[in-house]
Amino acid sequence: MNSFDELSLAAPLKRALEALQFTTPTPIQASTIPVALQGRDIIGCAQTGTGKTAAFVLPVLSQMLESPAKRALVLAPTRELAVQIEKVIFDFTRFAKQIRTSLVIGGASMNTQFRTLRNDPSFVIATPGRLIDHMERGSIQLENFDIVILDEADRMLDMGFAPAIEVIFRSLPEERQTLLFSATLPPAILKLTSRFLKNPERVTVGSTEPN
């Protein structure tokens, strides 16, 4: 695939890609976006720097622009990564201002997060611990999130977030699209995918999986 024009993305996203001078998708984007647009679950094995954030942000945004009621939750292991993901969404929605985000991370103002969550955001980008804080306070309910992305899943497990992920997934609707991205696919990740993903397409780019 040599051009983003070959992908069935919503027109505002193609305008944004042109404005950003993004012309050719990276291998992870070319492999992931068409599958994600079909609503399939995905296991993406890719290192940082391969363009994986756009690989999940673009198809999810395109689905939202086609179906405005769709809501997506992105789980990230660190505040820094969550901020980066929100920045990518902001860049791609310059011609789609109806897309609203809420950044739900530790070390940031709860009051700001309460306010953005009350605005019914299209995208919630969260670290697991702070998301559970909001779930316990009743400031977020996960029943309406029909797309879920786990980014850097192996790092989340390394940081001890497995119990939090369990709690979060128990609160999500059973009918959903789940996209999981990880630099490696150790047994703990494969166990996670077998429980929470349905018939996923596996995409591996620029990464060596452990034996």
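Computed from a prediction, not measured in an experiment: that's the story for all the values here.
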More than 12 heavy atoms of other groups within 6.0 Å of Phe114 CZ:
yes
Taking every non-hydrogen atom, the tightest pair across Ile33 and Ala54:
CD1-O, 4.3 Å
Is there a side-chain contact between Met156 and Pro128 (heavy atoms, below 4.5 Å)?
yes
Arg15, CZ: over 12 other non-hydrogen atoms inside 6.0 angstrom
no
Roughly how far apart are Leu180 CG and Ile42 CD1, rounded to 0.5 Å?
10.5 Å
Please walk me through it: do Phe161 and Ile132 pass side chain to side chain contact (heavy atoms under 4.5 Å, CB included)?
CA-CA 11 Å; Phe161 284 130; Ile132 288 178; over 6 Å; no
Less than 4.5 Å apart, any side-chain heavy atom of Thr26 and any of Thr50?
no
State whether the number of non-hydrogen atoms from other residues, nucleotides or ligands found under 6.0 Å of Glu80 atom CD is greater than 12.
yes
Going only through I, L, V, M, F, W and Y residues with side-chain contacts under 4.5 Å, is there a path from Leu9 to Phe95?
no
Kindly indicate whether the side chain of Met159, heavy atoms from C-beta on, has any atom under 4.5 Å from the side chain of Glu152.
no
Can you classify the ring geometry of Phe181 versus Phe56 as parallel (below 30°), tilted (30 to 60°) or perpendicular (above 60°)?
tilted
Between the side chains of Thr204 and Arg202, does any donor sit under 3.5 Å from an acceptor?
no
Is there side-chain contact between Phe169 and Thr178, with at least one heavy-atom pair below 4.5 Å?
yes
Phe123 vs Ile85, side chain to side chain contact (heavy atoms under 4.5 Å, CB included): CA-CA, chis, key distance, verdict
CA-CA 10 Å; Phe123 256 106; Ile85 293 168; over 6 Å; no
Give a yes-or-no answer on whether the side chains of Gln63 and Gln177 include a donor-acceptor pair shorter than 3.5 Å.
yes
Would you give the length of the straight line joining atom CZ of Arg79 to atom OG1 of Thr127, rounded to the nearest 0.5 angstrom?
8.0 Å
Going through the distances and angles, do Glu201 and Gln38 end up as a side chain to side chain contact (heavy atoms under 4.5 Å, CB included)?
CA-CA 11 Å; Glu201 178 87 8; Gln38 296 171 14; over 6 Å; no
Spatial distance of atom CG (Leu172) from atom CG (Leu142) [nearest 0.5 Å]
5.0 Å
As a quick check of understanding, evaluate side chain to side chain contact (heavy atoms under 4.5 Å, CB included) for Val104 and His134, giving each step before the final call.
CA-CA 8 Å; Val104 176; His134 280 281; 3.4 Å; yes
Examine Leu20 and Ile89 and state if one hydrophobic cluster contains both, with Ile, Leu, Val, Met, Phe, Trp and Tyr joined whenever side-chain heavy atoms are less than 4.5 Å apart.
yes
Considering only heavy atoms from C-beta outward, does the side chain of Leu73 approach that of Leu131 to under 4.5 Å?
yes
Heavy atoms from other residues, nucleotides or ligands near NZ of Lys87 exceed 12 (cutoff 6.0 Å):
no
Got Arg40 and Asn199 here, is their nearest side-chain heavy-atom distance under 4.5 Å?
yes
Are Lys97 and Phe90 in a cation-pi setup, meaning NZ or CZ lies under 6.0 angstrom from the ring centre and within 45 degrees of the ring axis?
yes
Mind checking what makes side chain to side chain donor-acceptor pair (under 3.5 Å) contact with Asp158, not counting sequence neighbours?
none
Does Glu143 come within less than 4.0 Å of Arg71, counting only side-chain N to carboxylate O?
no
Spacing of Glu166 atom CD and Leu192 atom CG [to the nearest 0.5 Å]:
7.5 Å
Residues in side chain to side chain donor-acceptor pair (under 3.5 Å) contact with Thr112, at least two apart in sequence or another chain:
Ser109
Measuring from atom CZ of Arg118 to atom OG1 of Thr116, what distance do you get when rounded to the nearest 0.5 angstrom?
9.0 Å
Below 4.5 Å, heavy atoms only, C-beta onward: do Lys52 and Thr32 meet side chain to side chain?
no
State the CD1-CE distance between Ile168 and Met135, to the nearest 0.5 angstrom.
6.0 Å
Side-chain heavy-atom pair Pro12, Leu65 within 4.5 angstrom cut-off
yes
Met110, Val83: one ILVMFWY side-chain cluster at the under-4.5 Å cut-off?
no
